[in-house]
Amino acid sequence: MQFAILNEGSNGETRVALVPDSIKMLLKQKHSVLAQSGAGVAASVPDAAFEAAGARVLSSAAEILAAADCLLKIRPVTAADAKSIPEGKALIGFLAPLRNPEVVKILAERRVISFSLDAIPRITRAQSMDTLSSMATIAGYKAVLLAASHLPKFLPMLTTAAGTIRPAQALILGAGVAGLQAIATSRRLGAVVEAFDVRPAVKEQVKSLGATFVEIPVTENLEDKGGYAKQASAETLAQQQQLLHERAKLADFIISTAQVPGKPAPRLITKAMVADMKTGSVIVDLAAESGGNCELTQADQIVRFNGVTILGPVNLPATLPLDASRMLGRNLATFILEITNDAGFTMDWKNEIFAQTCITLDGRANANRRAA
Ligand code: NAD
């Protein structure tokens with residue numbers, strides 16, 4: 001099959017779907033790759049590097065759309081994107097199908113066979129294809145660097161001729177992929193770290209990274225069968241806020257990563273809590289796109305309240321474009337090899353990865369999806 005990577009820079013994107021190493025993985029399996037000119041420039045991958053890896057570089061999106069069998073897209077797929085895809089082509093991208101029924105409808109009407117990367121099951125066999133984990137790793141790392149660059153103080157303890165500097169105190173909320181990376185990065189930079197999550201299973205992971213687990217008695221079972229968090233009741237959230245209030249007063253920076261799939265982010269940091277935080281402290285809210293863990297967060301804005309800086313970045317992976325593209329490329333190439341063979345897509349409905357990620361085919365939504 002002929003796969004195509006697009007130049008998505010006009011949307012502020014810096015990442016690219018494939019890099020030379022992942023292109024070579026596809027070529028080895030007799031696929032071919034087209035790249036839109038300039039697609040990798042912001043990720044430090046010039047057209048010449050695509051060509052040297054064996055891809056064909058074409059100058060316009062129109063040429064790519066006409067020639068490719070399957071388009072690879074990094075930015076969330078919008079209704080306008082879906083309408084621009086020629087009938088009968090294939091698409092692999094981030095569709096968030098439950099949140100975007102309109103996009104699914106358009107793709108079905110256009111008889112596009114589409115696959116959503118955010119639907120890859122979180123199973124061991126699919127770990128090497130898990131783009132959500134790759135991007136969450138970058139977000140967790142970058143969130144700490146962002147906090148450090150906005151803090152008016154050092155992170156590590158320093159003993160200097162000018163006196164001893166105390167280490168910064170970090171509070172990490174949510175210890176999934178991004179939260180665990182934020183803990184590890186904060187520790188590497190010398191901060192003292194506390195972390196909290198509603199899933200008791202993460203307590204040992206938090207401790208093994210050298211952080212203290214904040215014990216908040218949670219009476220509900222808030223972990224679903226897939227290992228994700230469930231939505232906490234209003235009562236549990238109020239209890240969490242009360243206990244986190246005390247921890248927030250001590251923190252120099254908070255990285256909040258708490259998410260519940262398909263639901264608004266849990267509100268863990270109230271305005272009253274921010275009002276009681278130290279002057280100069282920083283909150284980086286990685287849940288900004290789904291409403292924010294902090295009441296004052298505004299997506300992609302810097303909010304200042306009572307001496308506290310609150311950041312709500314929504315696309316941190318795009319601030320580390322080379323490694324983000326390397327990780328995405330490896331995830332994507334592994335995924336493509338999983339769902340294709342010499343004849344095209346495998347149509348193997350017994351394969352959970354295929355059945356769960358295929359969103360539209362033959363002019364309709366994939367009926368095998370939820371049943372699988
Ligand atoms: P996520 O982004 O959905 O959520 C981030 C964290 O927020 C989670 O740890 C969640 O428990 C926590 N959270 C939710 N509500 C909260 C609240 N009220 N207070 C505090 N914390 C709250 O999660 P994720 O990082 O995508 O990972 C979800 C799970 O999937 C984890 O168990 C992870 O280890 C697992 N996982 C498995 C695989 C695999 O096996 N292939 C890959 C990646 C992730």
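Atoms within a ligand are numbered from 1 in the order they appear, just like the ligands themselves. Basis for what follows: all heavy atoms, side chains included, without hydrogens, waters or symmetry-related copies.
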Ligand 1 versus [X], non-hydrogen atoms closer than 4.0 Å: side chain, backbone, both, neither?
| X | answer |
| --- | --- |
| Leu173 | neither |
| Ala136 | neither |
| Glu223 | neither |
| Ser133 | side chain |

Exercise. What do you reckon, does Ile123 have a nitrogen or oxygen under 3.5 Å from a nitrogen or oxygen of ligand 1?
Worked result: yes

Exercise. In this structure, which one of Val282, Val284, Ile254, Leu296 forms a side-chain contact (heavy atoms from CB on, under 4.5 Å) with Ile310?
Worked result: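 Exactly one pass, corresponding to Leu296.
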
Exercise. Under a single-linkage rule joining Ile, Leu, Val, Met, Phe, Trp and Tyr whose side-chain heavy atoms are separated by less than 4.5 Å, which residues share a cluster with Val112?
Worked result: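 Other cluster members: Leu6, Leu34, Leu58, Ile64, Leu65, Leu71, Val77, Ile85, Leu91, Leu95, Val103, Val104, Leu107, Ile359.
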
For this session: Please go through Ile165's hydrophobic cluster and name the other residues, only I, L, V, M, F, W, Y counting, with side-chain heavy atoms under 4.5 Å joining them.
Result: Phe154, Leu158

Shortest protein heavy-atom distance from [atom], along with the residue and atom involved:
| atom | value |
| --- | --- |
| atom 16 (C) of ligand 1 | Val198 CG2, 3.6 Å |
| atom 40 (O) of ligand 1 | Gln127 NE2, 3.3 Å |
| atom 12 (C) of ligand 1 | Asp197 OD2, 3.2 Å |

Exercise. Val144 versus Ser186: any side-chain heavy-atom pair under 4.5 Å?
Worked result: yes

Seminar exercise, completed: Here the gap from Ile23 atom CD1 to Leu332 atom CG, rounded to the nearest 0.5 Å, amounts to 11.5 Å

Exercise. For atom 2 (O) of ligand 1, is some protein heavy-atom partner under 4.0 Å away?
Worked result: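 Within 4.0 Å of atom 2 (O) of ligand 1, protein heavy atoms are found.
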
Exercise. Does some non-hydrogen atom of Leu132 fall short of 4.0 Å from ligand 1?
Worked result: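 Leu132 does not count as a contact of ligand 1 under the 4.0 Å cut-off.
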
